[in-house]
Chemist: 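Provided herewith is a single structure, encoded as structure tokens, for subsequent inquiry.
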Amino acid sequence: MMEKKIETLSTVRIQHTDDLYRIVDSLNRTLKDQDLMFGLALDSEDESKAVFTIYRT
């Protein structure tokens with residue numbers, strides 16, 4: 001069985017807000033059929049920032 005490779009297309013650091021996860025969730029639900037996946041994590045160096053990443057699956 002061939003493994004699917006996940007390719008990082010873009011990563012940006014942005015100001016963290018409580019509702020960012022809603023945007024990421026909406027993008028994941030809407031664009032999963034186009035082999036795109038979106039991630040959100042707190043920046044390990046500055047928790048007032050979030051790291052938003054776009055992947056191709």
Side-chain angles (χ1 to χ4, degrees):
M1 182 157 99
M2 238 177 111
E3 285 186 33
K4 262 190 158 180
K5 182 179 176 193
I6 297 177
E7 173 188 6
T8 301
L9 300 177
S10 177
T11 300
V12 330
R13 290 177 69 232
I14 55 178
Q15 190 66 38
H16 179 267
T17 65
D18 290 340
D19 286 338
L20 277 176
Y21 76 93
R22 291 179 185 215
I23 294 169
V24 174
D25 183 55
S26 177
L27 287 167
N28 279 322
R29 290 172 188 263
T30 305
L31 298 174
K32 67 182 172 187
D33 293 342
Q34 296 180 33
D35 296 327
L36 294 172
M37 182 172 68
F38 303 85
L40 184 66
L42 280 180
D43 188 314
S44 60
E45 296 175 10
D46 180 354
E47 289 194 0
S48 72
K49 301 285 184 189
V51 180
F52 175 73
T53 307
I54 303 170
Y55 304 95
R56 183 178 319 276
T57 60

Chemist: Mind checking whether L40 and I54 sit in one hydrophobic cluster, side chains of I, L, V, M, F, W, Y counted as touching below 4.5 Å?
Modeler: yes
Chemist: At their closest point, which heavy atom of L42 faces which heavy atom of E47, and how far apart are they?
Modeler: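 Taking every non-hydrogen atom into account, CD2-O, 3.6 Å.
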Chemist: Are any non-hydrogen side-chain atoms of F38 and I23 less than 4.5 angstrom apart?
Modeler: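 No. Closest side-chain heavy atoms not under 4.5 Å.
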Chemist: Same cluster or not: L31 versus L9, using hydrophobic residues (I, L, V, M, F, W, Y) connected whenever any side-chain heavy atoms lie under 4.5 Å apart?
Modeler: yes
Chemist: Quick test of your reading: applying side chain to side chain donor-acceptor pair (under 3.5 Å), list the pairs with at least one residue in residues 31-46, sequence neighbours left out, ordered by first then second residue.
Modeler: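 Sorted result for residues 31-46: R13-D43, D46-S48.
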Chemist: According to a hydrophobic-cluster definition based on side-chain heavy atoms being under 4.5 Å apart (Ile, Leu, Val, Met, Phe, Trp, Tyr only), do V51 and V12 belong together?
Modeler: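 No: no chain of side-chain contacts under 4.5 Å links V51 to V12.
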Chemist: Of all the heavy-atom pairs spanning I6 and M37, show the shortest one and how long it is.
Modeler: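 So the two residues come closest at CD1-CE, 4.0 Å.
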Chemist: Surrounding CD of Q15 (heavy atoms of other residues, nucleotides or ligands, distance under 6.0 Å), is the total greater than 12?
Modeler: yes
Chemist: Could you work out, with side-chain hydrogen bond (donor to acceptor under 3.5 Å, both in side chains) as the rule, every residue matching T8, not counting sequence neighbours?
Modeler: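 Counting only residues at least two positions away or on another chain, T8 forms no side-chain hydrogen bond (donor to acceptor under 3.5 Å, both in side chains).
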Chemist: Does L27 belong to the same Ile/Leu/Val/Met/Phe/Trp/Tyr cluster as I14, with side-chain heavy atoms less than 4.5 Å apart forming each link?
Modeler: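 Yes.
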Chemist: Heavy atoms only: give me the nearest N28-L36 pair and the separation to one decimal.
Modeler: OD1-O, 4.5 Å
Chemist: Determine the sole option in D18, V24, D19, L20 for which the side chain to side chain contact (heavy atoms under 4.5 Å, CB included) test with R22 is passed.
Modeler: D19
